[in-house]
**Q** 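Next up is a structure, given as structure tokens.
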Amino acid sequence: MNTVVRTAAAPVPTHADAGGPGGRRRRRPLVAAGALLGLVALLSGCGQESSSSEPSVHGGEASLALPDLGQVTVLGGMSGRTLLGLGLVVCVMGLAMGVATYLQMRKLEVHASMREVAELIYSTCKAYLSQQGKFLMVLWAFIAAVIVVYYKVLVGFGWGRVAVVIAFSLVGMAGSYSVAWFGIRVNTLANSRVAFASLRGRPLPLHRMPLKAGMSIGMVLISLELLMMLIILMFLPREIAGACFIGFAIGESLGASALRIAGGIFTKIADIGSDLMKIVFKIKEDDARNPGVIADCTGDNAGDSVGPSADGFETYGVTGVALVTFVLLGVHDPAVQASLLVWIFVVRAVMIVASAASYTLNDLWTARRYRDAERMDFERPLSNLVWLTSAACIVATFLTTWFVLADTAAADQWWRLAVIVSCGTLAGALIPELVKAFTSTSSKHVREVVKSSRQGGPSLNILSGLVAGNFSAYWLGVAIVGLMGGAYLISEQGLGDLMVAPAVFSFGLVAFGFLGMGPVTIAVDSYGPVTDNAQSVYELSVIEDLEGIDDELEREYGFTPQWERGKLMLEENDGAGNTFKATAKPVLIGTAVVGATTMIFSIIMGLTGGLTEGIENLSLLHPPFLLGLVTGGAVIFWFTGASIQAVTTGAHRAVEFIRTTIKLDGVTKASEADSRRVVEICTQYAQQGMLTMFLGVFFATLAFAFVEPYFFIGYLISIATFGLYQAIFMANAGGAWDNAKKIVETDLHAKGTALHDATIVGDTVGDPYKDTSSVALNPVIKFTTLFGLLAVDLAVSLTDKGQGTLVVTLAGVFFLISAYFVHRSFYGMRIQTSLEGDDDPALTEEPAPDEPASEVPTPAAPLDDQPTAEPADADEPAAEREKVSQEATAR
């Protein structure tokens, strides 16, 4: 079997990413377009020689055909297709739940001042997403061209099958994009409602609303993705299913790549630009006069809602495609193939039901427990939900697996398969608990960051955060290895009777189990953007300063506002959101790494003739394999630096603009025009950074795939391993810095002090760590692995035709192109000022003749001159501060 089956999905996506128009400057887009056109020309030239009646390229997964799923019967004689039909019903119900939540959110009460701010945030989000949509369509045009060249010219597919791949790539991209739109709409409705609910002084609504919004996003995301895959399985001809799946995966990967990476850069440019103003001008959190705050709120959605939604959509889909690929390649009995495919998708549908049921039960318990409470630990109900869902999904997995497989050729293995999936489901609950040990506001590591900051300032703050990140990488790595090891041991107990390489299948099932409780994983992740924005909406609305607001709320809404308690609860809820935003990141990166082993298996199957030859090359004794292992780490560390560089340069430009335009006297809010300008700056640098980095990664993948196939396998293993630990370390270090600042603000009430400034500095370091670089590694690993499946197939086919010299030459050319973009990722993105200009001339310039001197802001005194104990909230009654402090200590 000439292979490279696999999920060729991402391959192309990134290629496209590479070619899009990212920045305002003309040089880089021209270079990118030239590189892409050159690549297409090279492929076309190579393809002319392989367009004979016996194409030398197999076409990978697009050539695979599904077995007849109608032959599967379960206990009681029910057809497998009937069960999958019930799965369609579940998906429709999940989508209905999302729509119902959206309608309910719109009807919830909210004050006009808060609605106005939320709609402004939504309008900037729309502008950002619209621009990203145009960007995506340009990238998709390049993708479509590459699909035609590869599958029509090289592989020799007919136009019909090529059209199927192209059409489903558009469907996959539209899926990612539509989920992103739904996510920001629900979140921007929920943020203002949560902010308004805080005025009643009861914590329960502040928990229920963001979780309900997040759950609706999770249900829509998983249901929509599963619905699309079930349609391919059930209603399209079996002979073109492979082409449909690969096209769908290509589109998903393209959408996730652009939205996740660009969103991560965008949000941290805005966040850093906004946060630094608190130190420079000694203004409060989310000060309405700061034009960077609206961009920060937009970034919360672009980076923490849109990005994870698109990433989760792709991860869920690509993992499913990888498992389908393995079943069709590694299992030889068509009856067993059909049974396993039906089982995989039925379990997915059942887990959606289990997640919805768990959410409902947890919500009822939480409502009863905290109905009359004046304070609550916002993290506890979220933790309860995760564990309850994990337990429910494990029980559902065992029952469903027995029901589906007990009357099939895989009957003897049903419990082993259920145990392996449950290892992944357990990881979905265990990993968040481990993450909380390093990022929660109650974590000893986070409190250590605060303690070190008290005397050591930003320096010791940063060092303690690095310690937390490094320790977390150890413990999470041990947990993932332990669960994968358990799955491997179970797979050795008989799965080899059904398939080749059962351990690889078990790793894929662990990734499948990770995502089983997908709706809840997405829900607790989406909780954070809502709580963060709710706090911002409260401040930006300046509702406290409105004339007669107390009487208005009493008259119109029937309650007396509790201003101080409301603000405190929003702060505490934001801390819980920070923690659970952090918990989803290792789950997604873990899935990418564990699932990558299943994808790499496809390459190995093709290179070794179905594991019958060349196995000795998968050894440290084969020098190219060892060199590949070493090379992967270099790329991971470059990519990390390049993504942070994009944030640094963009934040520098944003800070420069904000500091020269902010007005602190005579105004209550920044102008909408200034706020939109900051959004434009963030968008510009996000797209420029993404374009350059993806071109570097894309051509590096081509180069290494053409060097030597086993070198490339080593490279893929290396980027997965290095990427896993780099991502976990950076995500959890950033989470520790973030919540250390939250402790200072909520528990210690020390805003505006030197301690607070130190934690702000640490948080700005952690921002690109946790929300840019770490999360970017997830799609990079998947995209490189998927694209490499096609690239190595092409290189091997050309070598087999005696064109080894051409392959080596192309490897050199591709590497030089990659090195150029690696060079550009710093020298093309660096800050464009001289050393003499680093003193921020904006702060030393004389005011313009027609500008009142009072409107030129004066930066605050240096850190050392700030008070060390006096809270910034000077208007807060001392008795109230003492009461809240005592309650926090007791808690």
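Because the structure is a prediction, the values reported are computed rather than measured.
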**Q** Should E252 and K782 count as an ion pair when the cut-off is N to O under 4.0 Å?
**A**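 Judged by the 4.0 Å cut-off on N to carboxylate O distance, E252 and K782 do not form a salt bridge.
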**Q** Please report the shortest heavy-atom distance between P308 and D525, naming the atom on each side.
**A**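 For P308 versus D525, the nearest heavy atoms are CB-OD2, 3.2 Å.
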**Q** Do W415 and T401 have a side chain donor and acceptor closer than 3.5 Å?
**A**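 W415 vs T401: no donor-acceptor pair found between side chains.
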**Q** Holding to salt bridge (charged side-chain N to carboxylate O under 4.0 Å, His left out), I want the full list of residues that pass it with K212, two or more places apart in sequence or in another chain.
**A**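 Salt bridge (charged side-chain N to carboxylate O under 4.0 Å, His left out) list for K212, sorted by chain: empty.
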**Q** Does the T785 side chain pair with the main chain of I781, one donor and one acceptor, at a distance under 3.5 Å?
**A**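 Yes.
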**Q** For a ring pair (Phe, Tyr, Trp, His ring centres under 6.0 Å) check, start with the C-alpha distance between H207 and F378, then their side-chain angles and the critical distance, and finish with the verdict.
**A** CA-CA 7 Å; H207 161 78; F378 289 104; 7.2 Å; no
**Q** Report the relative orientation of the aromatic rings in W414 and W402; use parallel for angles under 30°, tilted for 30 to 60°, perpendicular for over 60°.
**A**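 Answer is perpendicular, since the angle exceeds 60°.
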**Q** Distance-only, no hydrogens or angles: does the N362 side chain make a donor-acceptor pair with backbone N or O of P381 under 3.5 Å?
**A**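 Yes; at least one donor-acceptor contact below 3.5 Å.
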**Q** For K742, run the salt bridge (charged side-chain N to carboxylate O under 4.0 Å, His left out) check against D574, D763, D532 and tell me which one passes.
**A**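 Of all the options given, the one that passes is D574.
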**Q** What residues form a salt bridge (charged side-chain N to carboxylate O under 4.0 Å, His left out) with K770, not counting sequence neighbours?
**A**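 Testing K770 for salt bridge (charged side-chain N to carboxylate O under 4.0 Å, His left out), a comparison that skips the adjacent residues, returns D738, D767.
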**Q** Please collect all salt bridge (Lys or Arg N to Asp or Glu O under 4.0 Å) contacts where either partner lies in residues 414-429, sequence neighbours excluded, each pair once.
**A**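 Every candidate salt bridge (Lys or Arg N to Asp or Glu O under 4.0 Å) pair involving residues 414-429 fails, so no pair, neighbours aside, qualifies.
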**Q** Could you check whether the rings of F248 and F313 sit parallel, tilted or perpendicular, using 30° and 60° as the cut-offs?
**A**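 It falls in the perpendicular class, over 60°.
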**Q** Anything under 30° is parallel, anything over 60° is perpendicular, the rest tilted; go ahead and classify F512 against W343.
**A**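 Correct class here is tilted.
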**Q** Got a donor-acceptor contact below 3.5 angstrom from the T721 side chain to the I717 backbone?
**A**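 Yes.
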